[in-house]
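Chain identifiers are assigned alphabetically (A, B, ...) following the order of the sequence lines, protein sequences preceding nucleic acid strands; residue numbering begins at 1 within each chain.
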2 protein chains.
Amino acid sequence: MNSPSNFFISENNVPFIDYFKFGISVDCVIFGYSKGRVRILLIERDADPFKNSWALPGDLVSLNSNLDDAANDVLKNLTGIDNIFMEQFYSFGEMDRHPAGRVVTVGYYSLVENKNYNPVASSWAKSIQWFDIYNLPELAFDHKKIVMRGIQTLKRRVRYRPVGFELLPVKFTLTELQDLYEALLDSKFDKPNFRKKILSMDLLIPLNETQGNVSHRPAKLYKFDEKRYELLKDDGFVFDI
Amino acid sequence: MNSPSNFFISENNVPFIDYFKFGISVDCVIFGYSKGRVRILLIERDADPFKNSWALPGDLVSLNSNLDDAANDVLKNLTGIDNIFMEQFYSFGEMDRHPAGRVVTVGYYSLVENKNYNPVASSWAKSIQWFDIYNLPELAFDHKKIVMRGIQTLKRRVRYRPVGFELLPVKFTLTELQDLYEALLDSKFDKPNFRKKILSMDLLIPLNETQGNVSHRPAKLYKFDEKRYELLKDDGFVFDI
DNA sequence: AAAACTTTAAGTAAAAAATACTATAAGTTA
DNA sequence: TAACTTATAGTATTTTTTACTTAAAGTTTT
């Protein structure tokens, strides 16, 4: 089934096969977080087109790979990052968006904790770097547009799904959580109220540990209760910051 | 630029041109509303593959059309419906989803008021019909999956964007609006409280008209204030039912 | 080892919003 | 004119949000 059948002729008398000339690509907007700043991961291309330009990790999809797999493969090949939560957010199909032909690209986004992932440029990525989302370089193709829509999607989704936890270490303090949300949503919350709200959701498991190596009273550590979230979700529960 | 250049060879030694064998299609989930029920529009196919099956209005995209235009054209060709608000929601790219070759489809959804649109089957649509979303027939391709995700998207978006108004006539009563939201969200609201909430948003313009032809006290008519919505939106206002 | 300092963490009071309910007004039909 | 239906206004109660205060726990400085 991988080669289009010649059987069908469309109504405009264009042979069916003439429709099968698209390229499909995936592009990944990878959000990272550290020291109160949200960043995205860009690669410096070492291949035409747009050689030497900064771009999103992305590539053409082969005929025998589905979209989700392709997105994961691309990320692994170009950055070494493997096996992370990744979600589709929008597809871009302007006619002139790729100089080599007609390519529709599917945008994916993901969130990773900076410390845990040490991306290494590989394949045709010459170098790789985290950029502050408010201070991006010129980007290849229409990647600026893709990034912008990715940021918009993240800001919206982070409010009603607990995706933010992907950006923190497994064990975290409530202040770290608050700092993260303040960075993501670019706003400030009252500290006592924030912790009251988040704890009342009953989605955090308090640990019998405190943070170490701080020059003040160490805060209690918590971890996210994924099992409970899965249960609550089924009952129509909405996570809401 | 419409034919892929032979210049580039991918790293796996697959000629660049071998990636350009995808078909792209668009499929439209058109929501309609009347008599307290939410429906979607399906066509009965009069062309292979899946001839005689019910399916979403959709078609392959040609090389010289962008996605949004293609979605609008498809809808116009198959149903006669033209010039309506339409929004992309997800892309589907499983390898075996189309028997004629590798086709990635981009899902669009729209909301229309039943009365205003009298869809007529044309092109290769044999017939056309509204189906209750809770009582759908067997569908061609993976259209069941597309519909399900479309419904899920609608239910989510309708809560924080005033898309619901697309489903009502320009002039409507508050009870009609409430009935619509109750049908969309499959729930019940307290009448006085619903009207208080919606009116306090200051997004409705009260008209000096009342509904006619009813055997009881006629309700006041309102219309949606789009200009004001655009203004509020810029200030970070979130519509929230 | 006490004082100063910083941050966590618990608590409380006021304001706002959501919810539940009651009453009245405006029209239609018998 | 009375009975009826639905729109619309109003009120009281509960819950949630927001703003602010205070105490506790640890570190650093003197």
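Nearest nucleotide to the Arg217(B) side chain, out of dT5(D), dG26(D), dA25(C): dA25(C). Nearest nucleotide to the Pro192(B) side chain, out of dA9(C), dG10(D), dA18(C): dG10(D).
What separates NE2 of His216(A) from C1' of dC5(C) is a distance of 12 Å, to the nearest Å. When rounded to the nearest whole Å, the span between CG of Leu174(A) and P of dA9(C) equals 6 Å. Rounded to whole angstrom, the span from the CG atom of Asn193(B) across to the C1' atom of dG10(D) amounts to 11 Å.
Of the residues near DNA chain D, Thr175(B) and Lys196(A), the one whose nearest nucleotide (by heavy atom distance) lies more toward the 5' end is Thr175(B). For Ser215(A) and Leu199(A), each mapped to the nucleotide of DNA chain C holding its nearest heavy atom, the one lying further toward the 5' end belongs to Ser215(A).
Checked for salt-bridge contact, Glu230(A) and Lys227(A) miss the test: no charged N lies under 4.0 Å from a carboxylate O.
Counting heavy atoms of neighbouring residues, nucleotides and ligands inside a 6.0 Å radius, atom CZ of Arg37(A) does not exceed 12 of them. When the shell of 6.0 Å around CD of Glu226(A) is examined, it contains 12 or fewer heavy atoms from other residues, nucleotides or ligands.
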**Request:** Kindly indicate, with the supporting measurements, whether the criterion side-chain contact (heavy atoms from CB on, under 4.5 Å) is fulfilled by Leu204(B) and Ile198(B).
**Result:** CA-CA 8 Å; Leu204(B) 300 189; Ile198(B) 206 87; 4.2 Å; yes
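On a pure distance criterion of 3.5 Å, no polar donor-acceptor pair joins the side chain of Asp190(B) and the base of dA18(C).
Close to dT8(D), at under 4.0 Å from its OP1 or OP2, lies a side-chain N or O of Arg195(B).
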